[in-house]
Amino acid sequence: MKFELQETAPLSKARAGKIETAHGLIDTPIFMPVGTIGSVKGIHFQDVKEDIKAQIILGNTYHLYLRPGTEIIESAGGLHKFIGWDKPILTDSGGFQVFSLGDIRKLSEEGARFQSHIDGSRHLFTPENVIDVQRSIGADIIMAFDECTPGDADYDYARKSLEMTQRWLGRCVSRFNETQPKYGYSQSFFPIVQGCVYSDLRIKAAEHVTTFDSDGYAIGGLSVGEKEEDMYKMIEVVNSVLPENKPRYLMGVGTPVNILEGIDRGIDMFDCVMPTRNGRNGMLFTRNGIINIKNNKWRDDFSPLDPDGTSFVDHQYSKAYLRHLFQAKEMLGPQIGSIHNLAFYLWLVGEARQQILSGTFKSWKEKMVKQIGKRL
RNA sequence: GGGGAGAUACCAAAGCGGCCAACUGGGGCAGACUGUAAAUCUGCUGGCGUACGCCUUCGUAGGUUCGAAUCCUGCUCUCCCCA
């Protein structure tokens, strides 16, 4: 994998770049739709690619390991072939599930013991076998196995948690280096910076990951309950340490405003369930603000869903019709909501990239932040 | 014509002397959602008030009772069975 830094915006840390993977190029900054279980929920891959213009999607080690299982994915010839997506894929390691599964898991130095949320069966994830599973899945970018420290963790917990994540990282790297890709193309490995909201821990964590000279670096453990200002501060702190010539991935973030603020602070890659989950639940992000399409006020608004939108759904369907679909619980409603939101997210990062390249990012961003957070 | 059952809030449906402004569904209104255990979850849904509360409600008109959606009587309407 290669990363080319093309431009940095004036008065900002925002960067435009290009990532070259075995499955194609990725323009950065980029947003990656989440396709946890091998599907961007509710959306045909054709639309993900051609309408939404996604350049890379996510999969999840935890979910794919439990179902369909690595055997099936290997038999299919890897995840790309299994799901019919020929562009890049990034897999998350399962670290976040270890965090979000709460009381059906137990952490130890060895790894994470957990029960399947599907059938209750017991499993063990270790830094080593998580790398193995990701080799089997065959994602272009695979993630370290970490502990996603909760946003409200105290210093002592955060420090110990970080130290374990660091030891796990060493084991991940070893396993990564001693194994080979299974499908004839190379895979990249990204370590994850933890450290909760504590600057000194974040700096240590960032310095630690850079000792491994990876193809890129991720910032995890943000937007997990901490204050938004803390998140922005941690991004600044970490990015002041991470090397300029490698992509930086802010995991799990966020709202459209979060993404612009992240770009402004030098983040290149984002993923989040928000556009799909909220879209399924009737919340639409637009460049003019946020629409809750279920609200009564839209019942007789026959104007296009989003006159400024880039997706076909924005022009093909009216607000009143989409509201009707949600009222009637028609599955077309969540599908349209998801497509719209993802298309908006991809437009947002694509436009940010153009603004960076033309040197106008900062003023554009300030204007956008005011608009896109409004409630319509 | 005879016999029986019933009328509860937007709808359906519990309640059958005080703990009832009234269970529960649905519908409606609003909110939440950030590396997806989520096409999910939460709240509100007689009126006024932030709240303690106050006011008006259980077909309708009376009555019994300290107290009635709940008991009694008349009336109106609905449904079922037999002729």
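The pair A:K13-A:D264 fails the salt-bridge criterion, with no side-chain N (NZ, NE, NH1 or NH2) lying under 4.0 Å from an Asp/Glu carboxylate O. Using a 4.0 Å cut-off between a side-chain N of Lys or Arg and a carboxylate O of Asp or Glu, A:K160 and A:D156 qualify as a salt bridge. The residues A:K370 and A:E366 are annotated as not salt-bridged, no charged nitrogen and carboxylate oxygen being separated by less than 4.0 angstrom. A salt bridge does not link A:K106 with A:E110: none of the charged nitrogens is closer than 4.0 Å to a carboxylate oxygen.
When both distances must be under 3.5 Å, the Watson-Crick or G-U wobble mate of B:A5 is B:U78. For B:A69, there is no paired base (Watson-Crick or G-U wobble, both distances below 3.5 Å). In this structure, B:C10 forms a base pair with B:G26, meeting either the Watson-Crick or the G-U wobble geometry with both donor-acceptor distances under 3.5 Å. Judged by Watson-Crick or G-U wobble contacts below 3.5 Å, the nucleotide B:U64 has no partner. A 3.5 Å limit on both hydrogen-bonding distances identifies B:A32 as the Watson-Crick or G-U partner of B:U40. Both distances falling under 3.5 Å, in either a Watson-Crick or a G-U wobble arrangement, place B:C48 opposite B:G53.
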Practice task
Apply ring-ring contact (aromatic ring centres under 6.0 Å, His included) to A:F189 and A:F176, showing your working.
Solution key: CA-CA 8 Å; A:F189 169 83; A:F176 180 73; 5.5 Å; yes
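Cation-pi geometry between A:R159 and A:Y198 is not met: the NZ or CZ atom fails to fall both under 6.0 Å from the ring centre and inside 45° of the normal.
Between the base of B:G35 and the side chain of A:N60 there is no donor-acceptor pair shorter than 3.5 Å. The base of B:U36 sits within donor-acceptor range of the side chain of A:T276, with an N or O pair under 3.5 Å. You won't find any donor-acceptor pair under 3.5 Å spanning the side chain of A:N296 and the base of B:C29, going by distance alone.
Residue contacts for A:G221: at a heavy-atom cut-off of 4.0 Å it reaches a base atom on one of the strands shown. Across all strands shown, A:R105 has no heavy atoms under 4.0 Å from either base or sugar-phosphate atoms. Using a 4.0 Å heavy-atom criterion, one finds that A:K329 contacts the sugar-phosphate atoms exclusively. At the heavy-atom level, A:Q335 lies nowhere under 4.0 Å from the strands shown. Across all strands shown, A:D271 has heavy atoms under 4.0 Å from sugar-phosphate atoms exclusively, and none from any base.
Listed candidates were B:C29, B:U34, B:U36. Nearest to the side chain of A:H63 is B:U36. Among the nucleotides B:A39, B:C29, B:U36, the one closest to any side-chain atom of A:P334 is B:A39. The nucleotide whose nearest atom lies closest to any side-chain atom of A:T255 is, among B:U34, B:A32, B:A39, B:U34. Each of B:A32, B:A37, B:G35 was ranked by its minimum atom distance to the side chain of A:S100; first place goes to B:A37.
Mapped onto RNA chain B by nearest heavy atom, A:E330 and A:D146 fall at different nucleotides, with A:D146 at the one closer to the 5' end.
Using atom P as the reference point in both B:A9 and B:C58, the two lie 10 Å apart (nearest Å). Look at the P atom in both B:C75 and B:U24: the space between them is 38 Å, to the nearest Å. The same atom, P, is picked in B:U40 and in B:C55; the two are 43 Å apart, to the nearest Å. One C1' atom belongs to B:C71, the other to B:G17, and the distance between them is 8 Å to the nearest Å. Between B:A21 and B:G53, the two C1' atoms lie 13 Å apart (nearest whole Å).
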